[in-house]
Amino acid sequence: MARRRQLYEGKAKILFEGPEPGTLVQYFKDDATAFNAQKKGTITGKGVLNNRISEYLMLRLGEIGIPTHFIRRLNMREQLIREVEIIPLEVVVRNIAAGSISQRLGIQEGTRLPRSIVEYYYKNDQLGDPLVCEEHITAFGWASTQDLDDMVGLALRVNDFLSGLFLGVGILLVDFKLEFGRLWENDEMRIVLADEISPDNCRLWDAKTGEKMDKDRFRRDLGRVEEGYQEVARRLGILPEAGVRDLKGPELMQ
Ligand code: TMP
Ligand code: ASP
């Protein structure tokens with residue numbers, strides 16, 4: 001198949017020019033990094049699973065009226081998305097203390113937070129994605145107050161919906177990271193959910209045992225990393241039909 005022009009390569013995904021103007025193809029790799037790419041590895045089949053999981057979650061969110069960049073899945077590792085202008089922020093929503101909030105504020109992992117907490121990180125690898133506040137964001141022009149209001153409103157709706165969806169399959173949504181983009185239609189701008197939602201950017205714990213089913217298995221060398229991602233897909237009812245053995249390929253299915 002003729003390869004499309006590559007526009008950008010990130011740590012876990014590659015973006016190609018799409019078939020029509022205003023579209024892109026998002027390709028999911030098996031590569032995994034942690035701690036600002038100081039730790040590197042491969043999680044076999046991760047790209048296939050994240051493509052499926054993100055498709056599923058974006059579609060469900062679309063059904064409740066959350067605007068997203070997702071158009072449709074193309075094959076095992078690729079999805080068609082709308083081209084958006086990415087806002088250089090990582091919006092993190094936390095329900096239970098874990099990871100950096102536990103370290104920064106000395107809150108024991110697993111402590112239920114008094115309410116859902118939204119944080120912003122400036123997307124900048126050289127700086128290691130520092131935590132920033134609204135003052136920085138608006139003063140430096142990364143987003144306006146209105147953009148932030150829209151993003152927080154969407155992030156909290158996503159949190160409510162996904163918390164329920166995951167709890168329904170026995171998974172606690174501990175925290176997650178979202179990215180948003182600006183979508184221009186004529187002279188109108190809308191903020192839409194972009195990037196991906198997958199075990200790469202969520203913390204997902206088994207509701208009964210507390211077992212981790214997300215990228216923390218890789219970050220913290222817990223072992224059985226692939227199994228964690230597969231279990232999330234299995235519980236959502238979307239494990240690729242051919243089963244686990246088929247995760248490496250073929251590249252193009254359907
Ligand atoms: P943190 O506790 O390390 O700040 O992570 C919070 C959430 O954000 C967690 O679900 C993992 C996700 N995350 C990313 O998606 N990308 C990142 O670069 C980092 C640091 C966290
Ligand atoms: N995205 C992070 C990195 O920069 C990894 C993480 O999710 O912790 O490598």
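The figures here come from the full heavy-atom set of this structure, side chains too, leaving out hydrogens, waters and symmetry mates. Both ligands and their constituent atoms are indexed starting at 1 by order of listing.
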Next item on the list: May I ask you to check whether Lys11 has an N/O atom sitting below 3.5 Å from an N/O atom of ligand 2?
Entry: yes
Next item on the list: May I ask you to identify the nearest protein heavy atom to atom 3 (O) of ligand 1, giving residue, atom name and distance to one decimal place in Å?
Entry: Arg203 NH2, 3.7 Å
Item checked: Closest protein heavy atom to atom 9 (C) of ligand 1, given as residue, atom name and distance to 0.1 Å -> Asp175 OD1, 3.2 Å
Check: What protein heavy atom sits nearest atom 4 (O) of ligand 1, and how far off is it?
Finding: Ser100 OG, 2.6 Å
Check: Does Glu188 CD have over 12 foreign heavy atoms under 6.0 Å away?
Finding: no
Notebook entry, point to check: Hey, which atoms in ligand 1 end up nearer than 4.0 Å to a heavy atom of Tyr121?
Noted result: 4 (O)
Note to self: For the NZ atom on Lys40, are there more than 12 heavy atoms of other groups (residues, nucleotides or ligands in this structure) within a distance under 6.0 Å?
What the structure shows: no
Check: Does the protein place any heavy atom closer than 4.0 Å to atom 6 (C) of ligand 1?
Finding: yes
Note to self: Would Arg60 and Tyr56 count as a cation-pi pair here, with the cationic atom under 6.0 angstrom from the ring centre and within 45° of the axis?
What the structure shows: yes
Checklist line | Proximal atoms of ligand 1 relative to Gly99 (non-hydrogen, under 4.0 Å) | finding: 2 (O)
Checklist line | Proximity flag Glu119 to ligand 1, non-hydrogen atoms under 4.0 Å | finding: no
Next item on the list: Give a yes or no on whether a salt bridge exists between Asp30 and Lys46, defined as a side-chain N under 4.0 angstrom from a carboxylate O.
Entry: no
Notebook entry, point to check: Asp150 and Gln146: side-chain donor and acceptor closer than 3.5 Å?
Noted result: yes
Checklist line | Within-shell test, Arg219 vs ligand 1, heavy atom, strictly < 4.0 Å | finding: yes
Check: Against heavy atoms of Cys202, which atoms of ligand 1 measure under 4.0 Å?
Finding: 10 (O)
Notebook entry, point to check: Nearest non-hydrogen atom to atom 8 (O) of ligand 1 belongs to which of Gln103, Lys177, Glu90, Glu179?
Noted result: Lys177
Next item on the list: Around atom 5 (C) of ligand 2, find the nearest protein heavy atom and jot down its residue, atom name and distance.
Entry: Thr33 O, 3.1 Å
Next item on the list: Find all atoms of ligand 1 within a distance of less than 4.0 Å from any non-hydrogen atom belonging to Phe176, and give their numbers and elements.
Entry: 10 (O)
Note to self: Students should be able to answer this: which protein heavy-atom is nearest to atom 8 (O) of ligand 2, and at what distance?
What the structure shows: Arg219 NE, 2.8 Å
Notebook entry, point to check: What is the ring orientation for Trp142 with Phe140, classed by angle as parallel under 30°, tilted 30 to 60°, or perpendicular over 60°?
Noted result: tilted
Notebook entry, point to check: Going by the atom numbers of ligand 1, which of them fall below 4.0 Å from some non-hydrogen atom of Ala98?
Noted result: 2 (O)
